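These numbers come from a predicted model, not from an experiment.
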Amino acid sequence: MFIPQPFDEFLEVRYERITDTSVKVTLSIKPVFTASSGFIRGGIISTLADAALRNAVSPDENGR
């Protein structure tokens, strides 16, 4: 189960479980996600990394 986040929903982030401890996180690149140089903004990349880390491992039964 993935942890729903309103910001991820806004960005249309998609999740795919690969193994018990890994997840693939993707989103379609929109023009607003790029800087004038054409590169993806660092905040978008950081958001993907954050989403992957918080969804890679399910919390145990004690909520940790």
Side-chain angles (χ1 to χ4, degrees):
M1 178 174 85
F2 298 112
I3 302 165
Q5 297 290 320
F7 189 62
D8 294 349
E9 292 173 16
F10 173 75
L11 294 176
E12 300 176 8
V13 174
R14 293 178 304 279
Y15 302 95
E16 178 184 350
R17 174 75 50 203
I18 304 300
T19 68
D20 288 343
T21 58
S22 66
V23 63
K24 180 179 177 180
V25 182
T26 60
L27 82 153
S28 296
I29 300 303
K30 300 175 185 176
V32 71
F33 297 162
T34 60
S36 59
S37 63
F39 290 100
I40 305 302
R41 294 184 176 278
I44 296 297
I45 295 168
S46 297
T47 296
L48 289 175
D50 178 65
L53 287 170
R54 81 174 167 267
N55 286 289
V57 180
S58 297
D60 66 17
E61 63 277 356
N62 295 320
R64 290 185 240 156

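Residue pairs satisfying the salt bridge (charged side-chain N to carboxylate O under 4.0 Å, His left out) criterion with at least one member in residues 25-49, sequence neighbours excluded, are listed as follows: Glu12-Lys30.
The CD1 atom of Ile29 sits 7.0 Å away from atom CD1 of Ile44, with the distance rounded to the nearest 0.5 Å.
In this structure, the side chain to side chain contact (heavy atoms under 4.5 Å, CB included) partners of Ile45, at least two apart in sequence or on a different chain, are Ile40.
The main-chain N or O of Ile18 is never found under 3.5 Å from a side-chain atom of Ser22 such that the two would form a donor-acceptor pair.
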Which pairs of donor and acceptor atoms, one on a side chain in residues 2-10, lie under 3.5 Å apart (sequence neighbours left out)?
from	atom 1	to	atom 2	distance (Å)
Asp8	OD1	Arg54	NH2	3.2
Asp8	OD2	Tyr15	OH	2.3
Asp8	OD2	Arg54	NH2	2.1

Side chain to side chain contact (heavy atoms under 4.5 Å, CB included) between Val13 and Thr26, worked out: CA-CA 6 Å; Val13 174; Thr26 60; over 6 Å; no

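Side-chain atoms of Arg17 and Thr19, non-hydrogen and from C-beta on, never get closer than 4.5 Å to each other.
Residues Leu27 and Val32 share a hydrophobic cluster, clusters being chains of Ile/Leu/Val/Met/Phe/Trp/Tyr side chains in contact below 4.5 Å.
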